[in-house]
Amino acid sequence: MPQTSTRVSDNKLNLFFGLSLAMITAYFVFWGVDYTNHNHLLVFVLASISFMIFNTECSLKPYQEGLIKLQVHLEKEQEKLSTQVLWRLK
């Protein structure tokens, strides 16, 4: 599979979603600690964080495979277009 360069906008988008996940996790832990009246704090925090990480990883797998297929398809189409443009320029 050919390597592609990472765009700055992709890095910003990844940072945005990473920060969103961290903020949602922090809010959930803050809410949950208050909901459980500060009982078994360590168990609750560890369970919450591991659940958030596991849930995010499992829910993104189908999308990652689809995006890889789409990326390969778009690269092939780009090659076709560039060869057509070069052929017309000759």
Side-chain angles (χ1 to χ4, degrees):
M1 186 164 137
Q3 293 181 352
T4 59
S5 62
T6 304
R7 297 187 185 123
V8 175
S9 61
D10 291 342
N11 289 336
K12 287 182 181 180
L13 189 64
N14 289 340
L15 182 63
F16 170 75
F17 282 111
L19 289 174
S20 297
L21 176 64
M23 290 188 321
I24 290 168
T25 303
Y27 177 75
F28 178 78
V29 169
F30 177 75
W31 169 83
V33 166
D34 187 50
Y35 184 77
T36 59
N37 293 323
H38 302 274
N39 294 326
H40 306 290
L41 181 66
L42 183 62
V43 173
F44 175 76
V45 170
L46 291 176
S48 299
I49 291 174
S50 63
F51 172 76
M52 293 275 189
I53 291 170
F54 178 74
N55 192 22
T56 302
E57 183 180 316
C58 289
S59 64
L60 292 179
K61 283 211 186 245
Y63 297 112
Q64 289 172 343
E65 293 170 3
L67 287 174
I68 290 171
K69 289 178 183 177
L70 177 64
Q71 183 180 9
V72 169
H73 175 72
L74 290 176
E75 287 172 356
K76 287 179 183 177
E77 290 297 319
Q78 185 178 12
E79 278 183 34
K80 286 180 188 177
L81 288 174
S82 63
T83 54
Q84 288 176 358
V85 168
L86 288 175
W87 182 75
R88 289 182 183 173
L89 289 175
K90 289 182 181 179

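All values below come from the heavy atoms of this structure, side chains included, with hydrogens, waters and symmetry mates left out.
Evaluation of the ring-ring contact (aromatic ring centres under 6.0 Å, His included) rule for Y35 yields W31 as partners, not counting sequence neighbours. Residues meeting the side-chain contact (heavy atoms from CB on, under 4.5 Å) test with E77, sequence neighbours left out: H73, K80. Residues passing the side-chain contact (heavy atoms from CB on, under 4.5 Å) test with L74 are L70, sequence neighbours excluded.
Alongside L42, the hydrophobic cluster contains L46 (criterion: ILVMFWY side chains under 4.5 Å).
Summarising the geometry of G32 relative to F44, their closest heavy-atom pair is CA-CZ, 3.2 Å, with the distance given to 0.1 Å.
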